[in-house]
Amino acid sequence: MWKKKDFEEQRELMVKNQIVARGISDPLVIEAMRKVPRHMFVEDSMVYESYGDHPLPIGKGQTISQPFMVASMTEELELKGGDRVLEIGTGSGYQAAILAEIVLEVYTIERVKSLAERAERLLHSLGYNNVNVIVDDGSLGLSEYSPYDAIIVTAASPNIPPPLFEQLKEGGRLIIPVSDIYAQTLIKVIKKKGNQVKQRLYGCVFVPLIGDYGYK
Ligand code: SAH
């Protein structure tokens, strides 16, 4: 049986070898990756793999992303302490916890109720009271609390859902994996004078975004 200290050691090694060594440099992101107990967000049978350099299953056919992918997407959001952020695809709640370490308020939407409930319980038990978990189709965004400083989509979409771009603030950043026939590309969209300024980041693999503006 591993002890708390063993997980802390594994987490430090993860940050050193997978995050910092590969060029993540935002101190807010590095500090968040140091703090959030990733092993608590995976299934019991996977706990000893939780700091490995890969995604892991979290049930219901869904996955928690590789640590580097979480750190890189978070860095691309260019977050500041006072920001309000929307996440689509709560899954385990791990990415939401990373965001909650950095920003003022996190809204996270999950379409699978059982995953949302488990994530919400865990996040609140860990003291992340600035995370709001909502069960719904996140491809429509969450207009109630919009506009957001940043929006992160952690499932692959056929294109950029128009409501998500609408719900960004001027200067806001949207990070989203967009699929084409052969592969998925992580896209960064910045809202400048109401227009989409797009940048292709790199190739990636995510589970599909299922919903009105995702896959049917
Ligand atoms: N960010 C998560 C990993 C997400 S896996 C983590 O840190 O663990 C992608 C998640 O997106 C899955 O849980 C899936 O159920 C959810 N999802 C897919 N389509 C969705 C939609 N339209 N709205 C909200 N959630 C969606």
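Residue indices begin at 1 and follow the sequence shown. Counting starts at 1 for both ligands and their atoms, following the listed order. Just so it is clear, the model here is predicted, and its values are computed rather than measured.
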For Q196, check side chain to side chain contact (heavy atoms under 4.5 Å, CB included) against everything at least two apart and list the hits.
I160, F165, V189, K198
So, taking the atom named CG in L186 and the one named CZ in R200, what distance separates them when rounded to the nearest 0.5 Å?
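The CG atom of L186 sits 10.5 Å away from the CZ atom of R200.
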Are there any protein N or O atoms under 3.5 Å from the N or O atoms of ligand 1? List them with distances, or say none.
unit_1: ligand 1; atom_1: 1 (N); unit_2: E87; atom_2: OE2; d: 3.0
unit_1: ligand 1; atom_1: 1 (N); unit_2: G89; atom_2: O; d: 3.0
unit_1: ligand 1; atom_1: 1 (N); unit_2: T154; atom_2: OG1; d: 3.1
unit_1: ligand 1; atom_1: 7 (O); unit_2: Q95; atom_2: N; d: 3.0
unit_1: ligand 1; atom_1: 8 (O); unit_2: S92; atom_2: N; d: 3.0
unit_1: ligand 1; atom_1: 8 (O); unit_2: S92; atom_2: OG; d: 2.6
unit_1: ligand 1; atom_1: 13 (O); unit_2: E110; atom_2: OE1; d: 2.7
unit_1: ligand 1; atom_1: 13 (O); unit_2: E110; atom_2: OE2; d: 3.4
unit_1: ligand 1; atom_1: 15 (O); unit_2: E110; atom_2: OE2; d: 2.6
unit_1: ligand 1; atom_1: 19 (N); unit_2: I210; atom_2: N; d: 2.9
unit_1: ligand 1; atom_1: 22 (N); unit_2: D137; atom_2: OD1; d: 2.9
unit_1: ligand 1; atom_1: 22 (N); unit_2: I210; atom_2: O; d: 2.7
unit_1: ligand 1; atom_1: 23 (N); unit_2: G138; atom_2: N; d: 2.8
unit_1: ligand 1; atom_1: 25 (N); unit_2: R111; atom_2: N; d: 3.2

T108 and E120: side-chain donor and acceptor closer than 3.5 Å?
no
May I have all residue pairs that pass ring pair (Phe, Tyr, Trp, His ring centres under 6.0 Å) and include part of residues 15-55, sequence neighbours excluded?
W2-Y48, F7-H39, H39-Y51, F41-Y94
Pairs where residues 197-216 contributes a residue and the test ring pair (Phe, Tyr, Trp, His ring centres under 6.0 Å) is met, not counting sequence neighbours:
none
same_hphob_cluster(L115, V135) at 4.5 Å side-chain heavy-atom cutoff:
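Different clusters: L115 never reaches V135 through Ile, Leu, Val, Met, Phe, Trp or Tyr contacts under 4.5 Å.
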